[in-house]
Each structure stands twice: as C-alpha cells, then as structure tokens.
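Let me begin by presenting the structure, written as structure tokens, before commenting on it.
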There are 2 protein chains.
Amino acid sequence: MSIQTRRERERAERERLIVTAARELAEAEGWDAVTTRRLAAEIEYSQPVLYSHFKGKDAIMAAVAVQGFGDIAAELRAARTAAGGAREALAAVGEAYTAFARRRPALYDAMFTHTVDLPFATPEAPAALREAFGELLEAVRPIAADGDDPGLLTETYWAGLHGLVTLMRSGRLPAKAHERRLALLIGHFTAGAS
Amino acid sequence: MSIQTRRERERAERERLIVTAARELAEAEGWDAVTTRRLAAEIEYSQPVLYSHFKGKDAIMAAVAVQGFGDIAAELRAARTAAGGAREALAAVGEAYTAFARRRPALYDAMFTHTVDLPFATPEAPAALREAFGELLEAVRPIAADGDDPGLLTETYWAGLHGLVTLMRSGRLPAKAHERRLALLIGHFTAGAS
DNA sequence: AAAGAAAGGCTAGCGGTGCTAGAATTCGGA
DNA sequence: TCCGAATTCTAGCACCGCTAGCCTTTCTTT
C-alpha cells in the first residue's frame, strides 16, 4: 500500500505543480502565453502528461480559477469584517472586488470571463466559489429592502462590479474615473439603507 | 476615371461582402467558426484577399462591431422614444440593451467583449458607437441627481447592464431570474427620481 | 496592334496551436 | 532474474493566422 500512496502523493504534487505553473505564467505573460507546450516545458514533463491530469487546457484554467475563488473570498472577507457599518461593508467589499480584478487580471479572467464549465449558481459549485459569493451576500444582505431577495440583489450588485472591471480592462471605460463610478454604483445600492 | 471608380466600387462591395459574411457566420456558428479559410471560401476568394482589405482577423471583427453599434443605437433609440416618462425610458433602454445582447450574442461579443483596438470613450470613436452611448446617456440624464455627472452615471448603468448579460451568457448567473435582476438594477438607479 | 508595365489574385508554405496514437521506457511483483 | 503493467515520451494530425512570391489579367504606351 505504501508504494501506491507514494505514487498518489507524487501525482497530486505534480498536479499542483501544473496549476501553479499555469497561474504564474498567466499572471506574468497573459493566458495567450500559456500553451500546452510552454506549460509542459515549465513543469519539465512532456505535453501528454498534462492530459493525464486534466481533460484539456480549459480544465487547467478551471483549476486555476478555483484557486482564485479561494483568494478572492479571503480578501472579500477581510474587507467586510474590517468595515464598520453596513454601508461601509458594502463599499469595502466592492472596492476589494475591483482591486482584486485590477491587481490580478489573468486570474480574474479565468474566474469570470473565460468560458469554463464550472457549475456556478448551484449547490454543486466548488466550495471556494460559494464562499466568495457568500461574502458578497453577507455584505449586501443588510442593505436589502424589505421584499427584496438578498440573493438576487447580490447577483445584481456583483454584475455591476463585474461590468465596471471588464469594460475598464478592455479599454471601453477610461480607468481614470473608476473610483467615481464605483462610488456611484455603491451609492445607488445603499440609497435608503441604514 | 470611370474605370478607376468602377474598381473602387467593386472593391468596396467586396469589403462589405466580407464583413457581412463574417457577421452571418459568427451569428450562425459563433466566432470560433469564423476562420480566415472559412471566410475566404464563403466569399469565394482566396485567403490573402482578406488581408488586402483588413489588417487581420481582429480588424474584420472590429468592422462587424461597428455595424453592430449602428444596430443597437437604432434599437435603443426606438425603445427610448416610445417610452413615456423618464423612469420608463430608462427601463425601456435597459430592456432593449439586454434583449439585444441575448438575441445577437456573437455580435454583442464583437462589440463589447472581444479585445478590439477601437477607440471608445474619446471623440475619435466611430460615430455609430458614440450614437449608441448617446442613447443611453439621454435615457440616464433625466434621472441623474443634482451634482451627479450624467456621463459617469451612464457609464455605471451601462456597466450594470453589461455585467448582467455577460455573467448570464457565460452561465455564471441563471438566465431564469434575469428580468427580476434587471428590475432591481433599474429600480436602484431610478430611486429618488421623478 | 504590339509590347511593356502595373495591379491583382492565387498557390504554397511558415510557424504556431490543442490534442493523441503508439512506441519506448521504467518499475513493482513473482 | 525476468515478466507484465503502468507510465512517459516521440512523433504526428488537423487546424490556426498570416505572408512571400509567382502568375495571370488588365491598362498604358509606343
């Protein structure tokens, strides 16, 4: 049994190596630079090894995305719990979200832009993903008006944040006034709340 | 001179043919199906002909996008002018925008998702693009509070709409509750307006 | 009308992509 | 020590965007 477990351990380690290499390469040079050949060279194995771990390149990106959900969940939680009132918490979470997107664009793309076959708004979604959404939800819930579904309101707020960062990163919105736009979004969502 | 003008006319016609073929192919089978070989076959010329009209595939997509801006501008204007009050106009424009995105996803991607080197928030932006944004602006302006920059508010509203449609189309938001999310977004933007 | 010049489109090919079949190698167990 | 099984690699497929250079067609000039 010991040999078997060692093999499995080494295999898991190599899988982590692949995901880490993909993430670092993407963050350093963008996803276009992450080719299967390049990635194979990076981990010092041949290309087909990648396919014994993942179904294809998209699956590798999905694994990177899951890592990212863990990261952003932690950052959102830190921002939320450090804030004073409900208004401040919503603003802090919004700022943390857009800051994450701007600081780690490649990771953000894997998580929210690239087509990926991860289950999202279902119970089968990865734990890290549900946790990240949960942080948004906890920040939105206190400012939800009576009769508003907090989940739907969170999705709408999330869409606003997502739209801001994607339009800005593609050059369709000038980065200059980002803070003011974000303030407008937050202001309209907190209008009439305590 | 007549020969020269005939040549130019034929050349312009062929250019239109390329853009139309690209748009139709993209709308029928998605942008992945739009390869230079496929496109060349569609217009019954060889590949290099494409490059005598456009710098590359991205430039063809940009040309398709510009067509799309004209389309959406017309639809937004129709929705806005048909609406009664300011609130209704904002809602109508929002609904028209998301309906356009859902009805013509490939076109929407070329316009708002795909990386493209069109100038956006500058005076050099294509006329159709500025017109489309202008329609949004005219719908938002009446509900802007004193002290709010209408342009920035429009950009923020636009980001909300864009976030909703992109997250929904990538499967990250369930399509089911789209109308309710849209209503929430519109409601928060019209809060406190006439 | 014939010859030269210019313009335009085509064939063929380059270097790259994601992915895979099948050979070669390594390694544990008898 | 040898065999069988698991694993890794080499080599290659079909496709991508793009381009060099030949060849045909068309216009201009003598």
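Each chain gets a letter, A, B and so on, in the order the sequences are listed, and its residues count up from 1.
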Is the side chain of [X] donor-acceptor paired with the backbone N or O of [Y] at a distance under 3.5 Å, no angle test?
X	Y	result
A/Thr20	A/Leu17	no
A/Asp148	A/Pro150	no
B/Glu88	B/Gly85	yes

Rounded distance in Å - [atom1] ([X]) to [atom2] ([N]):
X	N	atom1	atom2	answer
B/His114	D/dG17	NE2	C1'	12 Å
A/Leu39	C/dG16	CG	P	18 Å
A/Glu15	D/dT8	CD	P	13 Å
B/Trp31	D/dC16	CH2	P	15 Å
A/Asp32	D/dG17	CG	C1'	13 Å
A/Tyr51	D/dC9	OH	P	15 Å
A/Leu50	D/dT7	CG	C1'	15 Å
B/Arg11	C/dA7	CZ	C1'	11 Å

Counting distance alone, no hydrogens or angles: does the base of C/dG18 have a donor or acceptor under 3.5 Å from a partner atom on the side chain of A/Arg37?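 Such a pair exists between side chain and base.
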Any donor-acceptor pair, under 3.5 Å, between the side chain of A/Gln47 and the base of D/dC9, if you only look at N and O atoms? no
At 4.0 Å (heavy atoms only), tell me whether B/Arg14 reaches a base, stays on the sugar-phosphate, or touches nothing.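 Sugar-phosphate contact only.
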Tell me what B/Ser46 touches on the nucleic acid: a base, only sugar-phosphate, or nothing, going by heavy atoms under 4.0 Å. base
For C/dG9, take OP1 and OP2 only and decide whether either is under 4.0 Å from a side-chain N or O of B/Tyr45.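 False: B/Tyr45 side-chain N/O out of range (4.0 Å or more) of C/dG9 OP1/OP2.
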Compare side-chain N and O positions of A/Thr36 against OP1 and OP2 of C/dC19 and report whether any pair is under 4.0 Å apart.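 For C/dC19, OP1/OP2 do not have a side-chain N/O of A/Thr36 under 4.0 Å.
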Residue whose nearest DNA chain D nucleotide is more 5′ - B/Asp58 or A/Val49: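 Between the two, 5'-proximity favours A/Val49.
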Does B/Arg14 make a cation-pi contact with B/Tyr45, if we ask for NZ or CZ under 6.0 Å from the ring centre and within 45° of the axis? yes
Which sits closer to the 5' end of DNA chain C, B/Pro48 or A/Thr35, going by the nucleotide each is nearest to?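 Result of the comparison: B/Pro48.
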Can you work out whether A/Lys55 or A/Ala33 has the more 5'-proximal nearest nucleotide on DNA chain C?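 The 5'-side residue here is A/Ala33.
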Where does the angle between the aromatic ring planes of A/Phe112 and A/Tyr97 fall among parallel (under 30°), tilted (30 to 60°) and perpendicular (over 60°)? tilted
